[in-house]
Structures are given as structure tokens and as C-alpha cells.
Protein chains: 2
Amino acid sequence: MPETTYSISDLASEFGVTTRTIRFYEEKGLIHPRREGQKRVYSPADRVRIKLILRGKRIGMSLRESVEVIDLYDPEHNNEEQLNSLINTVREKRARLLQQKKDIDEMLGGLDEVEALCEQALDDNHRSQR
Amino acid sequence: MPETTYSISDLASEFGVTTRTIRFYEEKGLIHPRREGQKRVYSPADRVRIKLILRGKRIGMSLRESVEVIDLYDPEHNNEEQLNSLINTVREKRARLLQQKKDIDEMLGGLDEVEALCEQALDDNHRSQR
DNA sequence: GATCAAGTTTACGTTTACGTAAACGTATGC
DNA sequence: GCATACGTTTACGTAAACGTAAACTTGATC
């Protein structure tokens with residue numbers, strides 16, 4: 001099967017980051033692209049990892065934290081103790097995400113008010129000019 | 001009217017930050033507490049500003065950006081041009097917040113899956129031990 | 001009046017997440 | 001055969017958001 005691959009600039013332009021950023025993620029051990037000679041070759045799995053890292057970034061996660069979340073997916077957890085601690089981790093992450101959603105909703109509410117006030121002010125201006 | 005006031009450590013402990021953090025916000029011009037002699041005295045308005053700044057932080061905003069959002073509230077915007085640019089700012093902020101909500105929901109979905117898998121694995125272990 | 005607790009200024013240190021520049025390799029089109 | 005685009009390593013720089021330490025005031029308390 002002809003597995004799709006990506007160059008570093010493919011991914012950089014797809015995600016709107018610089019190649020420096022992607023190399024930096026590799027330095028930090030977040031991704032491990034193959035090499036063909038000198039050049040880095042990225043797999044679809046690498047691509048997804050980058051995507052998830054950037055998703056984490058958008059909601060204010062550190063790189064370390066994003067990777068922590070991503071690594072929840074791969075099942076290197078066998079025994080009961082590990083599974084339980086994993087469940088706890090999941091619940092903590094979830095709690096924080098729910099708090100973030102609340103924060104966002106509050107802020108959205110504020111923006112709605114501001115916009116309404118603006119539109120009313122514009123409207124008033126127009127009326128008074130007639 | 002006896003306006004409520006707060007000491008720096010009042011606010012620090014209320015919000016779970018250090019006094020250094022609050023002084024830092026002042027250095028950056030984010031808040032402007034009164035002085036009584038040497039000491040800083042915070043008003044309810046100061047308190048709210050800090051609260052909003054920290055809310056912004058939780059969803060990954062920079063201090064500068066949080067202040068930008070906060071400052072949308074105070075009406076120093078008179079003419080039509082300013083009002084329109086303000087509305088645009090509001091819409092951009094809103095777009096980003098909606099994207100963040102999507103990101104969070106996706107991540108929550110992932111966490112749900114992980115937790116379900118964990119619980120199933122635990123369940124399987126228990127069954128096989130009977 | 002000595003000893004705290006809480007506050008102050010000044011200043012240097014630290015972590016994160018890249019930016020930027022130098023100096024070099026490689027292959028592709030004209 | 002040489003420019004040009006794309007890639008590489010190495011390394012120093014930087015902005016944001018505080019931490020940490022030193023050295024000092026200032027009431028409150030025993």
C-alpha cells in the first residue's frame with residue numbers, strides 16, 4: 001500500500017506554522033519523522049499528532065500537556081492500577097475543559113452585549129441625523 | 001457609602017495567585033490600585049479586572065489580549081468608524097472563541113472514548129478472573 | 001522595645017515556544 | 001554549470017509571565 005507522506009513544508013503550510021516550529025516539536029520529542037537520507041519524511045500519524053498539538057495550543061495547553069492528552073490514546077496501560085490512574089487523569093482533564101467552556105460562554109455573553117450596545121449607538125447616531 | 005476595599009493578599013489568596021503576580025499586572029499597566037501611604041488598596045473594580053484577566057488566562061489568552069477584551073466594555077468609542085471597528089473586533093474574538101469551543105468539544109469526545117475503553121478493560125479483567 | 005506579619009522596591013533568574021541568522025547540502029530547471 | 005528553491009544543523013536571541021532573593025518599612029502584638 002502506498003502510504004501517504006509529507007515533507008516538512010507540506011505540513012508547515014497546511015497548518016500555517018513555520019518549519020522551525022515543526023523541527024522544534026521534534027527537538028522536544030513530540031514527533032519522530034522518518035528520514036530519507038537527510039530529509040524528514042512525515043507519516044499521516046505524524047501529521048495527526050501535529051494537528052492535535054496545535055488543537056491543544058489553541059485552547060491554551062502547553063506542548064507537554066497536549067502530548068499528555070495525545071498519549072492517553074495509545075494503550076500501554078495494562079494493569080488495574082494504571083487503568084484507574086488513567087481514568088483519574090481523564091476526569092481531571094475533563095473538569096478543566098468544562099471550566100474553560102464556561103469561561104468561553106461567559107466571554108461570549110459579554111461580547112454579545114458589547115455588540116448590541118454598539119449597534120444601538122450606531123442606530124441612535126443615524127436617527128439623530130435626520 | 002463605605003466602598004469595599006481589598007489588600008493585595010486578600011486578592012492573591014482569593015484568586016490563588018501570588019502577590020508577585022498582582023504586582024506584575026500593575027507593572028504592565030493592567031490595574032491601577034490606589035495607594036494609602038505605601039500600601040496598595042484595591043477597589044471592587046480592580047478585583048473584577050483581575051478576575052477577568054485570570055478568566056482569559058484559563059482559556060489561553062495573553063495578558064494583553066485579556067485587557068483588550070476587558071477594554072471593549074468601557075465606552076470611549078464615539079464616532080461611527082470607531083464603533084464599526086469595535087464591532088469587527090468583537091466578531092473576530094467571537095470567531096476564535098467558537099473555534100476554541102469546537103476544539104474543546106472534540107477533546108472532550110476523545111476523553112469520553114478513552115474513559116469508556118478503560119472501564120471496559122477493567123471490566124474484562126474482572127470477568128476473566130472469575 | 002523587640003519581634004512578627006504583611007507590605008514595599010529593585011533586580012536578576014527561569015521556563016516556554018519559538019524567531020532569526022549563519023553556513024552548508026542537494027536536486028532541479030533552464 | 002549555475003542559480004534557485006528547499007532542506008539541514010548549530011547556536012544565539014527574545015517576549016511573556018512570572019519566581020526568587022535581598023534589603024527595607026510599617027504598624028500590630030507580646
Side-chain angles (χ1 to χ4, degrees), chain A residues 4-43 46-47 49-71 93 96 99-100 103, chain B residues 4-43 46-47 49-71 93 96 99-100 103:
Chain A
T4 327
T5 64
Y6 309 89
S7 76
I8 192 168
S9 45
D10 286 345
L11 295 181
S13 75
E14 175 177 358
F15 293 123
V17 300
T18 66
T19 59
R20 176 70 182 87
T21 298
I22 296 182
R23 269 185 228 107
F24 176 76
Y25 292 166
E26 184 178 348
E27 276 181 45
K28 292 286 155 175
L30 310 189
I31 40 180
H32 309 283
R34 276 176 17 229
R35 294 293 178 120
E36 258 166 31
Q38 173 95 313
K39 300 192 172 172
R40 292 165 169 87
V41 177
Y42 297 86
S43 71
D46 292 327
R47 181 175 163 280
R49 277 183 83 84
I50 295 178
K51 193 172 181 171
L52 294 183
I53 291 167
L54 295 175
R55 188 185 68 183
K57 263 195 54 176
R58 283 197 299 274
I59 60 175
M61 286 184 164
S62 71
L63 298 187
R64 181 173 302 281
E65 212 178 348
S66 284
V67 171
E68 213 181 306
V69 171
I70 293 170
D71 287 346
K93 300 281 178 200
R96 238 192 75 186
Q99 172 64 50
Q100 285 188 260
D103 289 328
Chain B
T4 327
T5 64
Y6 309 89
S7 76
I8 192 168
S9 45
D10 286 346
L11 295 181
S13 75
E14 174 177 357
F15 293 123
V17 299
T18 67
T19 59
R20 177 69 181 88
T21 298
I22 296 183
R23 271 185 227 106
F24 177 76
Y25 292 165
E26 184 178 348
E27 275 180 46
K28 293 287 156 174
L30 310 190
I31 39 180
H32 310 282
R34 275 176 18 229
R35 296 293 180 119
E36 259 167 29
Q38 173 95 315
K39 301 194 174 172
R40 292 165 170 86
V41 178
Y42 297 85
S43 72
D46 292 326
R47 181 176 162 280
R49 277 184 82 85
I50 296 177
K51 193 173 183 171
L52 295 183
I53 290 167
L54 296 176
R55 187 185 69 181
K57 262 195 55 175
R58 284 198 297 274
I59 60 174
M61 286 184 163
S62 71
L63 298 185
R64 182 173 302 280
E65 212 177 349
S66 283
V67 170
E68 213 182 305
V69 170
I70 294 170
D71 287 346
K93 301 281 179 201
R96 239 192 75 186
Q99 173 64 49
Q100 286 189 259
D103 289 329

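Chain naming here is simple, since letters A, B, ... match the order of the sequence lines and numbering starts at 1 in each. Small disclaimer: the values here were computed from a predicted structure and weren't measured.
- Taking every heavy atom of residues 21-38 of chain A and every atom of DNA chain C, pairs under 4.0 Å involve A:T21, A:F24, A:Y25, by number.
- Within the 4.5 Å cutoff, no side-chain heavy atoms of A:I59 are placed close to those of B:I59.
- For the OP1/OP2 pair of D:dG19 and a distance below 4.0 Å, the side-chain nitrogens and oxygens of B:T18 include at least one atom meeting the criterion.
- Salt bridge absent: B:D103 and A:R55 never bring a charged side-chain N and a carboxylate O closer than 4.0 Å.
- Heavy-atom nearest nucleotides on DNA chain D were determined for A:R20 and for A:I8, and the one closer to the 5' end corresponds to A:I8.
- Taking 4.0 Å as the cut-off between side-chain N and carboxylate O, A:K57 and A:E65 do not count as a salt-bridged pair.
- Taking the charged nitrogens against the carboxylate oxygens, A:K93 and A:E68 do have a contact shorter than 4.0 Å, which makes a salt bridge.
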Subject >> B:K51 vs B:E14, salt bridge (Lys or Arg N to Asp or Glu O under 4.0 Å): CA-CA, chis, key distance, verdict >> reply: CA-CA 10 Å; B:K51 193 173 183 171; B:E14 174 177 357; 5.8 Å; no
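- Considering every non-hydrogen atom in both A:I8 and A:T19, the closest pair reads CD1-O, 3.7 Å.
- Looking at every heavy atom in both residues, A:P33 comes nearest to A:D46 through CA-OD2, 3.7 Å.
- Here A:T19 lies out of heavy-atom contact (under 4.0 Å) with every strand.
- Projected onto DNA chain C by closest heavy-atom contact, A:S62 and B:S9 fall at different nucleotides, the more 5' of which corresponds to B:S9.
- Scanning DNA chain C 5' to 3' for nucleotides with an atom closer than 4.0 angstrom to a non-hydrogen atom of chain B gives a first and last hit of C:dA6 to C:dA11.
- The only option from A:R35, A:R49, A:R34 that meets the salt bridge (Lys or Arg N to Asp or Glu O under 4.0 Å) definition with A:E26 turns out to be A:R35.
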